[in-house]
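Each remark here refers to the structure printed beneath this line.
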Amino acid sequence: MFALVDCNNFYASCQRVFQPQYNGKPIVVLSNNDGCVIARSNEAKALGIKMGAPAFKFEKEFADKGINVFSSNYALYGNMSSRVMTLLSEFAPEIEVYSVDEAFLDFSGFSYFDLQAIGERMRKVVYQGTGIPVCVGFAPTKALAKAANRIAKKFPQLGGVYLMDSPEKILKAMKWLKIEDVWGIGRQHAIRLQAQGVYNALDFTMMNSDWIKKNMSVIGLRLQKELSGIRTLELEDIAPKKSIACTRSFDHNYSTFDELKERVVTYATICAEKLRKQNSCCNVIQVFIHTNFFREDQPKYSKSITIDLPYPTNSNLELAKFAIEALKRIYKDGYSYKKAGVIVMELTPEIAKQTMLFENSEPRHLKLMEAVDKLNKSYGQQKVKLAAQDLSKTWKMKRERLSPKFTTDVKDIMIIFAK
DNA sequence: TCTGGGGTCCTAGGACCC
DNA sequence: TCTGGGGTCCTAGGACCC
């Protein structure tokens with residue numbers, strides 16, 4: 001059996017851990033720039049707040065309904081996530097951290113154990129150790145464990161744990177699970193499947209597999225097997241990333257090359273830093289810029305460019321240089337830009353860099369970057385910058401309702417007075 | 001005024017090779 | 001009248017996930 005453990009309304013729950021006055025109250029968490037809703041507590045869901053709702057359109061509704069709004073605080077969520085995962089990893093020999101708020105655990109060989117009891121114990125231990133509520137679904141395949149978890153979440157009377165351990169239970173669940181809620185079926189596939197008369201997971205398992213292969217590729221076929229109880233997916237190891245990105249919307253429109261250059265250079269250095277963290281170099285860099293897609297009253301422009309690098313690198317200086325080069329080739333005067341991004345691809349291990357015929361094959365700026373990373377680690381992100389990042393400018397993301405970083409910043413650690 | 005960010009995988013079709 | 005066959009690699013685009 002696999003278990004899928006998923007944190008309930010994760011970001012919203014993180015906000016509550018150190019601010020228990022919001023327990024039982026509706027809260028939402030906004031994306032970067034306080035853009036749109038990306039997490040909701042159950043109370044907020046019940047009040048009809050939709051995922052992805054743009055915050056500025058719902059200001060009034062938030063106020064009227066007494067919904068508490070938070071800017072996203074990724075430092076807090078990341079740290080809470082690793083605490084949850086550490087606790088979970090004690091329960092099974094293998095764990096796959098599938099995302100920031102969920103993990104698969106492999107319980108094969110546990111046939112003489114009481115999985116229901118183990119599930120309940122996981123919930124208790126995680127809640128006690130972190131304050132984060134989780135739900136647990138057990139099933140013979142990963143796709144079914146996803147379904148079991150959904151059932152544990154949807155039916156509170158189950159106590160947060162659902163053990164899908166018999167063909168009857170699987171059948172019942174597959175009848176209940178709507179096709180659009182199946183893990184791996186997105187909007188497009190759901191529409192096409194419904195047109196074929198497939199409305200739930202059971203219909204899908206009984207479907208002609210030629211149609212599935214043709215319209216959903218081998219991924220669809222695998223999913224069909226998974227839902228029929230045939231195991232095709234195993235736990236996956238943590239692999240180094242194949243691409244790394246840093247993309248951001250701006251708090252207001254930018255129109256000059258220099259403003260964009262400052263942003264793009266900063267994004268490039270962030271990519272470089274992430275590369276060094278996983279000991280990779282990149283061989284390709286992509287830069288894009290675009291105007292605000294939502295504005296009908298402004299001229300639209302969107303362009304991206306991909307550049308092959310002459311040598312693999314993870315140096316801030318090198319990547320900044322190539323990013324500026326790329327930006328020069330796509331920047332056009334006369335537009336108001338809303339977003340830019342840098343993506344690095346074709347990653348290779350730092351040690352396996354190809355020796356160059358005409359270039360010095362020594363990895364560039366290795367020592368320098370090591371020093372930069374050390375300084376930034378001690379004194380804070382982006383403390384050491386490139387001159388092209390315009391030191392006088394302090395670029396700010398809109399984060400008007402940011403909570404303290406309760407667990408990752410000494411200044412924000414709570415002080416408790418005991419009488 | 002104000003609408004997120006970061007990933008993965010698969011396929012078809014074109015270019016190219018011998 | 002007649003114009004091969006068998007491959008590989010790369011890219012763009014589409015789908016999905018959190």
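Naming: A, B, ... by sequence-line order, numbering from 1 per chain. Just so you know, these numbers use all the heavy atoms, side chains as well, and skip hydrogens, waters and symmetry mates. Just so we're clear, the structure is a prediction, and the values are computed from it rather than from any experiment.
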Within the structure shown, what part of the strands sits under 4.0 Å from [X] by heavy-atom distance: base, sugar-phosphate, or nothing?
X	result
A:Asp101	sugar-phosphate
A:Ile343	nothing
A:Val182	sugar-phosphate
A:Tyr98	sugar-phosphate

Separation of [N] [atom2] from [X] [atom1] (nearest whole Å):
X	N	atom1	atom2	answer
A:Ile38	B:dG7	CD1	P	15 Å
A:Asp297	B:dT3	CG	P	12 Å
A:Asp251	B:dG5	CG	P	12 Å
A:Glu346	C:dC9	CD	C1'	12 Å

Discussion item. According to ring pair (Phe, Tyr, Trp, His ring centres under 6.0 Å), does anything in residues 215-242 of chain A pair up with another residue at least two apart or in another chain? List the pairs.
Written reply: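 Every pair satisfying ring pair (Phe, Tyr, Trp, His ring centres under 6.0 Å) with a residue in residues 215-242 of chain A: there are none.
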Practice prompt. Mind checking salt bridge (Lys or Arg N to Asp or Glu O under 4.0 Å) for A:Glu325 and listing every partner two or more places apart, or none if nothing turns up?
Written response: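 Applying salt bridge (Lys or Arg N to Asp or Glu O under 4.0 Å) to A:Glu325 gives A:Arg329.
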Discussion item. Using the salt bridge (Lys or Arg N to Asp or Glu O under 4.0 Å) criterion, which residues pair with A:Arg222? Sequence neighbours excluded.
Written reply: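 If we apply the salt bridge (Lys or Arg N to Asp or Glu O under 4.0 Å) test to A:Arg222, skipping adjacent residues, there are no hits.
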Item to complete: Enumerate the residues from residues 54-74 of chain A whose closest heavy atom to DNA chain B is under 4.0 Å, giving them by residue number; use none for an empty result.
Response: A:Pro54, A:Phe56, A:Lys57
Worksheet entry | DNA chain B contacts among residues 226-247 of chain A, heavy-atom distance under 4.0 Å |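 Heavy-atom cutoff 4.0 Å gives A:Lys241, A:Lys242, A:Ser243, A:Ile244, A:Ala245, A:Cys246, A:Thr247.
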With the criterion being N/O to N/O and under 3.5 Å, what pairs connect the protein with nucleotides 15-17 of chain B, and how long is each?
none

Each nucleotide N or O in nucleotides 10-14 of chain B that has a protein N or O under 3.5 Å away: list the pair and distance.
none

Worksheet item: For the side chain of A:Glu226 and the backbone of A:Thr141, is there at least one donor-acceptor N/O pair under 3.5 Å apart?
Response: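 Here the side-chain-to-backbone pair does not exist.
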Worksheet item: Through what angle, rounded to 10 degrees, does the axis of the helix from B:dG5-C:dC18 to B:dC18-C:dG5 turn between its ends, using five pairs per end?
Response: 0°
Worksheet item: Does any pair with a residue in residues 18-35 of chain A pass side-chain hydrogen bond (donor to acceptor under 3.5 Å, both in side chains), and if so which ones, sequence neighbours excluded?
Response: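 Checked against side-chain hydrogen bond (donor to acceptor under 3.5 Å, both in side chains) - neighbours excluded - the pairs reaching residues 18-35 of chain A are A:Asp34-A:Ser71.
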Worksheet item: For DNA chain C, which residues in residues 187-197 of chain A have a heavy atom at a distance below 4.0 Å?
Response: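 Close to the strand are A:Arg187, A:Gln188, A:His189, A:Arg192.
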Item to complete: Among the candidates B:dG6, B:dG5, C:dC18, find the nucleotide nearest to the side-chain atoms of A:Ser249.
Response: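 The answer is B:dG5, which lies nearest to the side chain.
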Tabulate below the donor-acceptor pairs under 3.5 Å that side-chain atoms of residues 191-208 of chain A make, not counting sequence neighbours, or state none.
{"from": "A:Gln194", "atom 1": "NE2", "to": "A:Glu180", "atom 2": "OE1", "distance (Å)": "3.3"}
{"from": "A:Asn200", "atom 1": "OD1", "to": "A:Leu202", "atom 2": "N", "distance (Å)": "3.0"}
{"from": "A:Asn200", "atom 1": "OD1", "to": "A:Asp203", "atom 2": "N", "distance (Å)": "2.8"}
{"from": "A:Asn200", "atom 1": "ND2", "to": "A:Lys175", "atom 2": "O", "distance (Å)": "3.4"}
{"from": "A:Asp203", "atom 1": "OD2", "to": "A:Tyr199", "atom 2": "N", "distance (Å)": "2.9"}
{"from": "A:Asp203", "atom 1": "OD2", "to": "A:Asn200", "atom 2": "N", "distance (Å)": "3.2"}
{"from": "A:Thr205", "atom 1": "OG1", "to": "A:Leu202", "atom 2": "O", "distance (Å)": "2.6"}
{"from": "A:Asn208", "atom 1": "OD1", "to": "A:Asp210", "atom 2": "N", "distance (Å)": "2.6"}
{"from": "A:Asn208", "atom 1": "OD1", "to": "A:Trp211", "atom 2": "N", "distance (Å)": "3.3"}

Can you give the donor-acceptor pairs under 3.5 Å from side chains of residues 74-82 of chain A to other protein atoms, not counting sequence neighbours?
{"from": "A:Tyr77", "atom 1": "OH", "to": "A:Gln15", "atom 2": "OE1", "distance (Å)": "2.6"}
{"from": "A:Tyr77", "atom 1": "OH", "to": "A:Asn73", "atom 2": "N", "distance (Å)": "3.3"}
{"from": "A:Asn79", "atom 1": "OD1", "to": "A:Arg83", "atom 2": "NE", "distance (Å)": "2.8"}
{"from": "A:Asn79", "atom 1": "OD1", "to": "A:Arg83", "atom 2": "NH2", "distance (Å)": "3.2"}
{"from": "A:Asn79", "atom 1": "OD1", "to": "A:Thr407", "atom 2": "OG1", "distance (Å)": "2.6"}
{"from": "A:Ser81", "atom 1": "OG", "to": "A:Val100", "atom 2": "O", "distance (Å)": "2.7"}
{"from": "A:Ser82", "atom 1": "OG", "to": "A:Asn79", "atom 2": "O", "distance (Å)": "3.1"}

Worksheet item: Would you call A:Lys169-A:Asp165 a salt bridge at under 4.0 Å N-O?
Response: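 Salt bridge between A:Lys169 and A:Asp165, a charged N being under 4.0 Å from a carboxylate O: yes.
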